[in-house]
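First up is the structure itself, then whatever we jot down about it.
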Amino acid sequence: MISYIRGRLAVIEEDRIIVDVGGVGYGIFMPGRAMMNLPRIGDEVTVHTYLNVKEDAMQLFGFLTRDDLAVFKQVITVSGIGPKGGLSILSQLSADDLRFAVLANDVKAISAAQGIGKKTAEKLILELKDKLSIEDALEHVQTEEMNPAAVSMGDVQQDAVAALIALGYGSTEALKAVRQVEITPELETEDVLKLALKNLMF
């Protein structure tokens, strides 16, 4: 199994790239979101990959982060969603946006992906609700964007995001609003919720 490929980015096509590794070009299908964040042609790139083996072909699907790859693998365990469908979903939604869409039962957000209908989106939510957690999304936000003192505040943020979703806000805008709140140890969930609501108003 090929876990990742590191080499020179040689070609960017509509839905795939070719990475040159020691003179061998590997064609890798990627979601549109990932392709927008690729380095320049000629630069080195590392792509985390999933090898799909069929009777008549072997295809590589790639992602710029291991988290995206992990979510992709979970998505394609849903009956009726193959690797191309998984790419379509992750072109429409980031891994974290998909987590929130699943937890918020946001069928509309998921079915906006090309080739994914309402019934398929509902099935994805049903099958992945216990596998994709809001804690994972918030952990990534804390690790990348927040100061060390805020890491222990995950429960407060989680509750605030869940409350916003319950109030009818979309999963993506709820997460963004809570992200903008500067977390301090004395803040309670209600405080974070009020500050997040202010962010949504302006």
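The first residue in the sequence is number 1, and the count goes up from there.
Between the CD1 atom of Ile5 and the CD1 atom of Ile28 there is a distance of 4.0 Å, given to the nearest 0.5 Å. Taken to the nearest 0.5 Å, the CD atom of Gln157 stands 10.5 Å off from the CG atom of Asp159. Note that CG of Leu60 is 11.5 Å distant from CE of Met30, once rounded to the nearest 0.5 Å. Between Leu64 atom CG and Thr46 atom OG1 the span is 9.0 Å, to the nearest 0.5 Å. From Asn199, atom CG reaches atom CG of Leu195 across 7.0 Å, with rounding to the nearest 0.5 Å. To the nearest 0.5 angstrom, Ser88 atom OG is 11.5 Å from Asp15 atom CG.
Side chains of Asp43 and Leu38 form no contact here, defined as non-hydrogen atoms less than 4.5 Å apart. For the pair Glu44 and Arg8, the minimum side-chain heavy-atom distance is 4.5 Å or more. At a threshold of 4.5 Å between non-hydrogen side-chain atoms, the residues Val11 and Ile17 do not count as touching. Residues Leu197 and Leu164 form a side-chain contact, since some pair of their non-hydrogen atoms from C-beta on lies under 4.5 Å apart. In this structure, Leu69 and Tyr50 have side chains that are in contact, with non-hydrogen atoms separated by less than 4.5 Å. In this structure the side chain of Leu128 reaches within 4.5 angstrom of the side chain of Thr77, judged on heavy atoms.
Taking the ring axis of Phe29 as reference, the NZ or CZ atom of Lys84 stays within 45° of it and closer than 6.0 Å to the ring centre.
Following chains of ILVMFWY side-chain contacts shorter than 4.5 Å, one can reach Val21 starting from Val45, so the two form part of one hydrophobic cluster. Follow the hydrophobic side-chain contacts under 4.5 Å out from Leu167 and you reach Phe100 in the same cluster. Transitive grouping of hydrophobic side chains (ILVMFWY, heavy atoms separated by less than 4.5 Å) brings Val19 and Val24 into a common cluster. Note on Leu126 and Val107: separate hydrophobic clusters, where clusters join Ile, Leu, Val, Met, Phe, Trp and Tyr whose side-chain heavy atoms are under 4.5 Å apart, directly or indirectly. With hydrophobic clusters built from ILVMFWY side chains whose heavy atoms lie under 4.5 angstrom apart, Val102 shares a cluster with Leu90.
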Walk me through whether Leu103 and Ile165 qualify under side chain to side chain contact (heavy atoms under 4.5 Å, CB included).
CA-CA 9 Å; Leu103 292 166; Ile165 292 171; 5.8 Å; no
May I have the step-by-step check of side chain to side chain contact (heavy atoms under 4.5 Å, CB included) for Leu98 and Leu124, ending in yes or no?
CA-CA 10 Å; Leu98 178 59; Leu124 184 148; 4.3 Å; yes
Let me see the working for Asp96 and Val71 under side chain to side chain contact (heavy atoms under 4.5 Å, CB included), right down to the final yes or no.
CA-CA 9 Å; Asp96 284 344; Val71 170; over 6 Å; no
With side chain to side chain contact (heavy atoms under 4.5 Å, CB included) as the criterion, how do His48 and Ser3 come out once you've worked through the C-alpha distance, each side chain's angles and the decisive distance to 0.1 Å?
CA-CA 6 Å; His48 303 276; Ser3 297; over 6 Å; no
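Open room surrounds CD on Glu188; 12 or fewer heavy atoms of other groups in view lie less than 6.0 Å from it. Atom CD of Gln180 is surrounded by more than 12 heavy atoms from other residues, nucleotides or ligands within 6.0 Å.
Of the residues listed (Val75, Ile76, Asp68), the one engaging Phe72 in a side-chain contact (heavy atoms from CB on, under 4.5 Å) is Ile76, and it is the only one.
Taking the charged nitrogens against the carboxylate oxygens, Glu122 and Lys119 have no contact shorter than 4.0 Å, which rules out a salt bridge. By the 4.0 Å N-to-carboxylate-O rule, Glu127 lies too far from Lys123 to be salt-bridged with it.
Considering every non-hydrogen atom in both Ser91 and Gly32, the closest pair reads OG-N, 2.7 Å. Residues Ala121 and Ile110 approach most closely at CB-CG2, 3.8 Å, considering heavy atoms. Listed here is the closest heavy atom pair of Asp67 and Ala95: OD2-CB, 3.6 Å. The two residues Ala177 and Leu200 have their closest heavy-atom pair at CB-CG, 3.7 Å. A pairwise comparison of heavy atoms in Ala160 and Leu193 identifies O-CD1, 4.0 Å as the closest pair.
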